[in-house]
Enquirer: 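Handing you a structure now.
Naming: A, B, ... by sequence-line order, numbering from 1 per chain. Quantities reported herein were computed from a predicted structural model and do not represent experimental measurements.
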Amino acid sequence: MLVKRSGSADKPKGPGAPPRVLRVALPVPLPQSFDYLAGTADGALPGCRVRVPFGSGERIGIVTGPGGPADGPAVLKPVHEVLDREPVFDSELWRTLSWAAAYYHFPLGEVLNAALPAPLRAGEPWPTLEEPGLAITAAGRDAFAAKPLRAGPGRDVLAALEAGPMPTSALRQQLGRGGSAAMRRLLQRGWIGATSLPPSRPARPVLAGPPLHPEQQAVITAIEGCAEGYSGHLLEGITGSGKTEVYLRLIDAALERGRQALVLVPEIALTPQTLRRFRERLAAPVLPLHSGLGERERARAWAQARSGQPCVVLGTRSAIFTPLPRAGLIVVDEEHDGSYKQGDGFRYHARDLALVRGKALDVPVLLGSATPSLETLALAAEGRLRHHRLIERRGLAKPPLLRLLDLRNQRLVGGLAPTAVQALRDTLARGEQALVFRNRRGFAPALGCAQCGHVWECPRCDRPYTLHRQPPGLICHHCGGRARMPSSCPSCSSTALGGRGLGTERIEAELAEVFPKQRILRIDRDSMRAAGRLDATLAEIETGGPAILVGTQLLAKGHDWPALSLVVIADADSGLLSPDFRAPEHLAQLLTQVAGRAGRGDRPGTVLVQTRQPQHPFWSRWLGGGYRAVADAELRERREGGLPPFQHQALLAAEARDPRALDVFFAAVMALPGEREGVGLIGPLPAPMPRRAGHHRRQLLLECTTRAPLHRLLSGWMPRLYALPQARRVRWSLDVDPLDLY
DNA sequence: AGCACGCCGACT
DNA sequence: GTCGGCGTGCTC
């Protein structure tokens, strides 16, 4: 079974070439690939999956090329099976993924694995492009024709299938709730049967778009006027300015040329409404791709894109790994959104990879946002992206009125200044809706003793517990740890315990006392835990009627709420005082986002922002020039402060139960050889949160004004780091271009 | 990451 | 006397 490597001391016996060797990337957290005897797998192309023996078991790996000379063991095991005739990754995706593995200093095998849909990862054959569907049977047709059936989902199913077979997913979508049960019943009765349908969808009517206004037309002309091939674009357009219409026109043009398009959207934005809007307007299949989708469907969409037929892939972060052999355009909507960055494992940034893929595919890339990230604005300023703007709001809607409320020396009710409470009252009196935004769920961010000031902390994280009222208890929002509600203070025995600060639960409760007759809807992870609850509540808001909405980030994005005319930001100060240098940028993005929710339609909305730092320069910028003024000032400060995007960073973080393991680990890291010229090493320092879930956390920040020295150093370090025995005692990770330093 | 091998406690 | 704890080391 085992054959000696041709490069070793023993020459292969007999005539003929030495045994061929294949190099294979495996999904293991190791920096190297592994060599196998090709055997019958000889000729397997890079990018093909193979089943290989590994350790005591078997793994699915990806061929990366021919094996190298005699590094590695003298004796090689043979490839067990080749699973693909054609590479699963086309040449462009293969190059991009190899580049990404090098750029993020993450094992190639794991990168390839992350890019592959689970069934393919598990070694299953390529899914057929055919889609599971349903068709009416002769018995069903007879039954449908013979007697008038009672109205209901059952009859709807038969009526729909009378016209011809349909994909199961489309049918389910068309029928909504109750459809699935009806389909099951009819299948049992033999009135309908399962079938499979070709991927080309039945022609459906494509709606014409609204007429373009001149701004939109100018942007489209400018982008289409670019030379063939790659070009990078930033589309900065305020909420309601019609960015999506620009996307749709450009996608449509790409489809006209027989090309494919990839559209990335943030996690919360891939809703049935979004999908419907794209499907209504585009003449090619629109393939959704997100984590909620079943793995089978995901694999089929992937395969369909891989086949090269014109289609639009509409997906979240991981959709950036869809093969697009006939690509024509890549769009990243809301490019500033944090959900494009993978937070663990292979920590890629889908927006950055979109630009890389655009270059590799030689197609235009369009980054759209009302509030572009400073990274993207800097690229535009450098001339590496063309900057387009949409500044008119459609429908003559007026921009919202912005007003700062000084919280100092005010009597607060539910955390709100009297002016804000009065504004709520007026809004409700007009039959309109108001939104109170507070990014802390729970009743209060801490529980304290009124007598001695003692604050209850999570013993595993050293951070205050969040006080919850329903159900009552203390919960650590960092590790999920719970503690029972104490009845007295352990240090002074006082029973005068109280919540410190405000969470959404408390705002809701206190507002309910002021407005006992009004509808108050709290929207956060706690109140919306039940499945479908969020959708139902959002729908209720959309139907209108006076209400106060109290919520967290969950509310910041979402749909158009026609009745919403007042937004109160309960506490903007965390964005001004946070040690995270990106906090002001994120605050400005959030303010713009929620301001865009207020006053759609003919009336201008009002945004009240509460702060105890009214003199902070952030506010004069914000009130004077909006997001751009804040962004410009922040960019200046980042440049002066030597911070991203004018400095490139990588964060080596480690955590361990035993802090001594961290001492030893970082000592070994600091002793690693490597050219450090030009690279700033900051640390090792305790992480901003030094303990979490019982683990001590420490980090080393690497900085450099240019990428090359930083990456040279990391390339030298990584293989050694994996080999370090001290690294086995800690959980470590490397984050290239980290978005937060936690 | 798995997974095996490898030496020290409370159970049939 | 065994099952099993997770420490340590390897995987072409």
Enquirer: Expressed as a whole number of angstroms, how long is the span from A:Y722:OH to C:dT11:P?
Expert: 18 Å
Enquirer: Can you tell me if A:R482 has over 12 outside heavy atoms packed within less than 6.0 Å of its CZ?
Expert: no
Enquirer: Please give, in whole Å, the distance from C:dC12 C1' to A:R23 CZ?
Expert: 9 Å
Enquirer: Hey, does A:P53 reach any base, or is it just sugar-phosphate, or nothing, if we go heavy atoms under 4.0 Å?
Expert: sugar-phosphate
Enquirer: Over all strands shown, is A:F54 touching base, sugar-phosphate only, or nothing at heavy-atom distances under 4.0 angstrom?
Expert: base
Enquirer: Counting only heavy atoms not in A:R729, do more than 12 sit closer than 6.0 Å to its CZ atom?
Expert: no
Enquirer: In whole angstrom, give the distance that lies between atom CG of A:N113 and atom P of B:dG2.
Expert: 10 Å
Enquirer: Carefully, step by step, assess A:S373 and A:E335 under the rule side chain to side chain donor-acceptor pair (under 3.5 Å).
Expert: CA-CA 7 Å; A:S373 65; A:E335 65 81 28; 3.2 Å; yes
Enquirer: Using a 4.0 Å heavy-atom cut-off, write out nucleotides 5-10 of chain C from 5' to 3' as B (base contacted by protein), S (sugar-phosphate only) or - (no contact).
Expert: ---SBB
Enquirer: Find the distance A:E58:CD to C:dC12:P and express it as a whole number of Å.
Expert: 12 Å
Enquirer: Among side-chain atoms of A:H336 and A:H586, is any donor-acceptor pair under 3.5 angstrom?
Expert: no
Enquirer: According to ring pair (Phe, Tyr, Trp, His ring centres under 6.0 Å), who are the partners of A:H695, at least two apart in sequence or on a separate chain?
Expert: none
Enquirer: Return the value, rounded to whole Å, for the distance between atom CG of A:L26 and atom P of B:dG2.
Expert: 13 Å
Enquirer: Quickly work out the A:I60 CD1 to B:dG2 P distance and round it to whole Å.
Expert: 14 Å
Enquirer: Given C:dC12, B:dG2, B:dA4, which nucleotide is nearest the side-chain atoms of A:K77?
Expert: C:dC12
Enquirer: Is the number of heavy atoms from other residues, nucleotides or ligands within 6.0 Å of CZ (A:R525) greater than 12?
Expert: no
Enquirer: Step by step, would you call A:V52 with A:L22 a side-chain contact (heavy atoms from CB on, under 4.5 Å)?
Expert: CA-CA 11 Å; A:V52 294; A:L22 287 179; over 6 Å; no
Enquirer: Which part of the nucleic acid does A:L30 contact within heavy-atom distance under 4.0 Å: base, sugar-phosphate only, or nothing?
Expert: base
Enquirer: Report the distance from atom CZ of A:F34 to atom P of C:dC12, rounded to the nearest whole Å.
Expert: 7 Å
